[in-house]
K.L.:
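I have a structure I would like to understand better, so I am pasting it below and will then ask my questions one at a time.
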Amino acid sequence: MTKSSLTAISPKAPPEDTHSCWSCGSMRAAHFCASCGKVQPPVPVDYFTFFGLPPKLNVDIPALEKEFYELSRKLHPDLNARAGGMEQQWSLEQSSLLNDAYRTLRDPIKRTEYLLHLEGIVLEEQSKSATEQARATGEIKKQIVPPDLLEEVFELNMQLEELKMNQKMGEDDASLTAEIAKHKLALEAKHDRLLEELQSYWKEWDAIVDRNLPAGSPDGKQTTSKMVDVLNRRNYIRNLVRDVNAALES
Ligand SMILES: [Zn+2]
């Protein structure tokens with residue numbers, strides 16, 4: 001999670017009135033007034049709220065895209081340049097918020113990570129603290145190698161060691177390279193399947209939102225921890241594939 005993605009919920013100076021239009025007093029949306037069309041100062045909202053969406057993970061992407069282009073036009077700083085002053089400044093800020101929100105919500109992984117972040121679950125921190133805890137207790141770091149990959153990772157590491165030795169000696173073993181490439185393909189296929197698994201939990205999460213249950217409820221916890229697990233496994237495989245690519249290229 002990058003710092004810029006947090007700007008939506010931690011603005012520098014939140015305005016006092018975040019519910020009505022500064023110009024005509026109507027009830028306002030997060031970005032511009034539906035009644036008079038004036039651009040509004042940015043308010044501390046999350047990306048879902050910015051687009052007027054509930055915090056659900058199944059998102060109608062074509063509808064989101066359409067809304068994005070519509071808002072892009074309306075919030076374009078050039079268009080609001082003649083309004084001058086604050087409105088122009090707000091257009092700039094709102095446009096950059098719009099871009100961050102769109103980029104985050106249209107991507108299935110970023111969207112899930114962002115939702116977990118909103119619910120106070122930070123993936124990197126979690127795995128870091130899990131690693132530290134494992135180190136402190138001398139326990140095997142179970143999170144580090146996902147159990148379903150143990151055998152494959154063990155074998156792959158042996159082959160990568162062998163490859164490194166060969167490279168040092170200036171030898172070329174085509175069958176070894178082919179073996180490693182085969183493992184890599186299998187890992188990439190697993191990586192893709194994990195997205196499907198993640199998407200199966202979106203439905204669970206969306207049902208939790210529909211039932212008005214908090215993320216901290218037993219059902220909420222169960223679903224978010226399954227999503228965290230998938231994302232951790234996916235990150236693990238991504239890093240592994242990157243290492244394999246580096247080894248094959250060197
Ligand atoms: Zn207005």
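Residue numbers run from 1 in the order of the sequence given. Indexing begins at 1, ligand by ligand and atom by atom, following the structure's order.
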K.L.:
Ser175 and Asp173: side-chain donor and acceptor closer than 3.5 Å?
P.N.:
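Judged by distance alone, the side chains do pair up.
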K.L.:
Under the rule for side-chain contact (heavy atoms from CB on, under 4.5 Å), what residues qualify as partners of Glu249, not counting sequence neighbours?
P.N.:
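Testing Glu249 for side-chain contact (heavy atoms from CB on, under 4.5 Å), a comparison that skips the adjacent residues, returns Asn245.
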K.L.:
Identify the two heavy atoms, one from Cys33 and one from Gln40, that lie closest to each other, and give their separation to 0.1 Å.
P.N.:
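Result for this residue pair: CB-NE2, 3.5 Å.
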K.L.:
Over 60° means perpendicular and under 30° means parallel, so classify the ring planes of Tyr47 and Tyr114, tilted if in between.
P.N.:
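Ring orientation, 0 to 90° scale: parallel.
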K.L.:
Using a cut-off of 2.8 Å, find all protein N, O or S atoms closer to the Zn ion (ligand 1) than that distance.
P.N.:
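Near the Zn ion (ligand 1), below 2.8 Å, one finds Cys21 SG, Cys24 SG, Cys33 SG, Cys36 SG.
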K.L.:
Sub-3.5 Å donor-acceptor pair from the side chain of Thr49 to the main-chain atoms of Val45, do we have one?
P.N.:
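No: the side chain of Thr49 does not pair with the backbone of Val45.
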K.L.:
Is the closest side-chain donor-acceptor distance between Thr112 and Trp205 under 3.5 Å?
P.N.:
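Not at all, the side chains of Thr112 and Trp205 share no donor-acceptor pair under 3.5 Å.
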